[in-house]
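What follows is one structure encoded as structure tokens, with my remarks underneath.
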Amino acid sequence: MGNTIDSAVIDGLFPSPVSLNAVLDEIPRGVLLLDTHGRIVFMNRTLCAMTGYDVSEAMGLSCCNIIRSSICSGQSPCIEDDGNEVAADPVTIVTRQKQKIPVRISRVALRNLTEEAVGFLEIVEDLRARQKTGDEANYGWRPGNLVGVSPRIKKVFSILPMVAQTDSPVLITGESGTGKDVIAESIHLNSERARGPFVKVNCAALPETLLEAELFGHLKGAFPGASESKAGRFRLANNGTIFLSEVGDLPAGLQSKLLAFMDDNIVYPVGSHRGVDVNVRIVAATLQPLDQLVQQGRFRSDLLFRLSGIRLQLPPLRERVGDVRLLLEHMLRLASENFSKTIEGFSDKVLGILLDYHYPGNIRELKNIVEYAVSVCRSENITEKDLPDYVAEGTGGGGQGHGLMMPVAHLVQHSFGQSNGATWEDTEKKMILEALVSARGKKSRAADVLGWGRSTLWRKMKKYGLE
Amino acid sequence: MMGSYSYPGNKRVLITVGDHQVSFRFDMTLEVIIAEKGADGSILNEKYFLLPGSSAEELCNIIQNENVHEVICGGIEDEYYQYLSWKKVAVFCNIIGPVEKCLDAWRRGVLVDDTIFR
């Protein structure tokens with residue numbers, strides 16, 4: 001095999017040599033080649049997509065650092081292997097994107113012509129698509145973590161099976177924390193592409209130059225620092241789904257490139273004029289009003305039309321009548337399991353507080369509040385003292401309005417709908433400023449008020465020059 | 001285990017460890033190092049702990065009980081990452097390599113996510 005698989009070929013089977021790399025890349029399961037010390041020699045494209053690591057990054061590292069399966073603990077089985085085939089029961093791996101994925105790993109020793117062990121071959125099969133729930137068995141649809149009975153959300157849920165069965169691009173819009181990611185993954189898992197990779201890219205997380213290389217890949221030497229060729233996320237998502245979150249933040253140059261890709265499904269890596277055919281379904285999401293961005297000339301109208309093959313608008317939690325109670329119970333059950341606690345429920349007073357709360361950060365905030373409460377709760381029921389201060393204080397006080405932190409984003413979001421001529425930037429800037437004032441300058445607390453991560457707040461403050 | 005801070009401006013980090021390397025998974029960690037550095041970047045205190053079993057929840061408890069500001073780990077599930085962020089603990093994740101090199105990079109304030117020390 002040598003030190004690099006790029007030069008490895010299959011010779012003698014076909015009229016001319018065939019690249020082994022290209023053959024392994026087409027296998028729809030993760031393929032890993034290891035040396036006798038359990039160090040990575042090669043990973044195919046499917047495994048790169050599954051783990052989030054490129055071959056160049058993984059090369060030479062111990063497999064447990066990249067695969068991170070639950071059977072990797074203790075001594076690596078490769079080291080003491082007797083060469084027999086091993087098929088591990090379903091285990092989990094943790095990806096670079098912090099996802100825990102159920103997989104089945106099979107391993108076999110590779111031997112040379114004199115039966116000497118020279119390395120190992122591992123096959124990693126993604127089991128997410130196979131894990132059927134009762135709902136799936138009964139109704140042919142796997143709702144996953146989708147919870148809700150309100151008319152607004154039921155309307156969305158009711159069309160998801162049809163959405164999953166088509167191959168059209170999907171645009172999911174909705175406020176931060178409304179579950180856009182969860183819906184996108186549900187669509188993938190219930191589609192014909194479920195056995196393929198689900199690759200998520202945050203379009204707001206990287207500057208334009210890096211994002212282009214991340215999405216479309218690059219050749220070795222295409223720009224300073226490009227010491228190795230990289231496949232890019234679109235190629236990693238081949239035969240699967242790519243999820244472009246925060247697509248409203250996609251820079252103008254990349255909007256054109258994405259549009260060109262959607263026209264011909266060909267990826268042109270940075271530094272290359274040679275295109276690569278890629279078969280992916282695009283699911284995009286944003287919290288920004290794309291129609292408004294189009295009017296302002298900040299988002300291409302033709303790209304919006306292409307992305308909006310199917311458009312799903314997720315309602316904010318405050319408009320999902322009756323769902324807060326369900327979600328509270330659901331999150332309580334999940335958090336209790338995760339924290340290995342036996343918590344029966346919420347006290348009546350806490351339930352009242354939580355049902356009255358407005359959740360500016362939507363489901364993400366509700367989940368965080370419940371997790372916080374479960375982690376500090378030392379009795380069978382969650383009481384008022386187990387709630388974060390801003391929730392307990394914010395809704396207390398006998399109708400004296402809301403407390404220090406709660407209302408900022410909520411009020412501004414309401415006023416946004418009634419504003420005359422205010423741009424999204426103005427509104428967002430105002431939201432940030434008000435949150436910072438109410439949090440007395442503490443950014444982490446302001447981020448909580450807004451229902452954002454601290455990095456999101458930092459990025460937006462930088463964008464608006466509020467540092 | 002570590003006691004209170006000798007100076008309020010000090011910072012404390014927890015590193016998940018496995019065989020002298022940063023352990024590959026947060027929830028499967030059996031050893032941790034907790035280190036404290038002063039404002040000048042010098043390591044003032046460093047302690048090594050063996051855990052009775054691997055548990056992400058237990059690690060989260062230790063992180064909070066020990067007033068740890070930052071965590072250095074390999075793979076971590078989003079749920080625990082979000083939880084620690086919610087508790088204002090900064091997490092350097094997907095770190096691969098020897099503990100010594102990670103600790104040195106953290107001490108010098110140059111450690112970033114996804115660093116691979118070869």
Side-chain angles (χ1 to χ4, degrees), chain A residues 51-54 56-76 91-101 181 200 205 334-341 361 364-365 367-369 371-372 374-376 388 442-445 447-448 452-456, chain B residues 16-31 51 53-65 69-99 101-102 112-118:
Chain A
T51 60
Y53 282 95
D54 290 325
S56 57
E57 292 172 307
M59 194 81 88
L61 293 175
S62 173
C63 64
C64 67
N65 281 315
I66 301 298
I67 303 299
R68 301 164 175 172
S69 87
S70 42
I71 53 166
C72 287
S73 57
Q75 186 77 342
S76 168
V91 293
T92 57
I93 64 171
V94 173
T95 71
R96 190 178 196 167
Q97 289 79 28
K98 310 182 190 76
Q99 271 188 307
K100 196 175 197 175
I101 299 178
D181 295 32
K200 182 179 168 182
L334 290 182
S336 299
E337 282 174 14
N338 285 336
F339 289 87
S340 303
K341 288 190 171 182
R364 186 182 294 127
E365 187 183 14
K367 180 170 179 265
N368 284 337
I369 291 169
E371 281 182 0
Y372 176 91
V374 169
S375 71
V376 301
K442 289 187 179 172
K443 287 180 199 166
S444 55
R445 215 169 170 197
D448 290 341
W452 296 343
R454 277 187 294 177
S455 62
T456 305
Chain B
T16 61
V17 183
D19 196 20
H20 305 293
Q21 307 278 315
V22 176
S23 83
F24 61 91
R25 236 168 99 159
F26 184 79
D27 62 343
M28 300 190 69
T29 300
L30 286 166
E31 309 163 33
L51 308 179
S54 57
S55 160
E57 287 78 22
E58 188 53 36
L59 263 184
C60 288
N61 284 339
I62 292 172
I63 288 162
Q64 287 173 66
N65 293 340
H69 297 99
E70 292 172 337
V71 169
I72 299 172
C73 61
I76 181 170
E77 223 182 315
D78 194 47
E79 190 165 351
Y80 299 110
Y81 180 87
Q82 296 293 349
Y83 176 72
L84 290 172
S85 303
W86 174 254
K87 301 299 291 183
K88 314 288 182 271
V89 176
V91 181
F92 297 102
C93 60
N94 297 320
I95 306 293
I96 298 172
V99 169
K101 288 186 178 177
C102 297
V112 291
D113 283 354
D114 299 304
T115 303
I116 299 174
F117 297 98
R118 292 187 186 266

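In what follows, chains carry the letters A, B, and so on, assigned in the order in which the sequence lines appear, proteins first and then strands, with residues in each chain numbered from 1.
Summarising the local packing, NZ of K87(B) is surrounded by more than 12 heavy atoms from other residues, nucleotides or ligands at distances under 6.0 Å.
Top candidate by heavy-atom pairs under 4.5 Å with chain B, chosen from S340(A), G60(A), S444(A), P388(A), is S444(A). Comparing Q82(B), R118(B), Q64(B) by how many heavy-atom pairs each has under 4.5 Å with chain A, the most go to R118(B).
In terms of heavy-atom proximity, I369(A) sits nearest to W86(B) at N-CZ2, 4.4 Å. Residue I116(B) comes nearest to Y53(A) through the heavy atom pair CD1-CE2, 4.4 Å, listed as atom of the first residue, atom of the second, then distance. The two residues F24(B) and N65(A) come nearest to each other via the heavy atoms CB-OD1, 3.9 Å.
Here the CD atom belonging to Q97(A) is positioned 12.5 Å from the OH atom belonging to Y81(B), to the nearest 0.5 angstrom.
At least one side-chain heavy atom of Y83(B) sits under 4.5 Å from a side-chain heavy atom of S375(A). Side-chain atoms of K100(A) and D27(B), non-hydrogen and from C-beta on, do get closer than 4.5 Å to each other. Within the 4.5 Å cutoff, the side chain of K341(A) has no heavy atoms near those of the E57(B) side chain.
Neither the backbone nor the side chain of I67(A) comes within contact range of chain B; no heavy atom of the residue lies under 4.5 Å from a heavy atom of that chain.
Under the 3.5 Å distance criterion, the side-chain polar atoms of R25(B) are matched with a main-chain donor or acceptor of R68(A).
Contacts of C73(B) classified as side-chain contact (heavy atoms from CB on, under 4.5 Å), with partners at least two apart in sequence or in another chain: T16(B), F26(B), V71(B), I76(B), V91(B), C93(B). D114(B) is linked by a side-chain contact (heavy atoms from CB on, under 4.5 Å) to R96(A), N94(B), counting only residues two or more places apart in sequence or in another chain.
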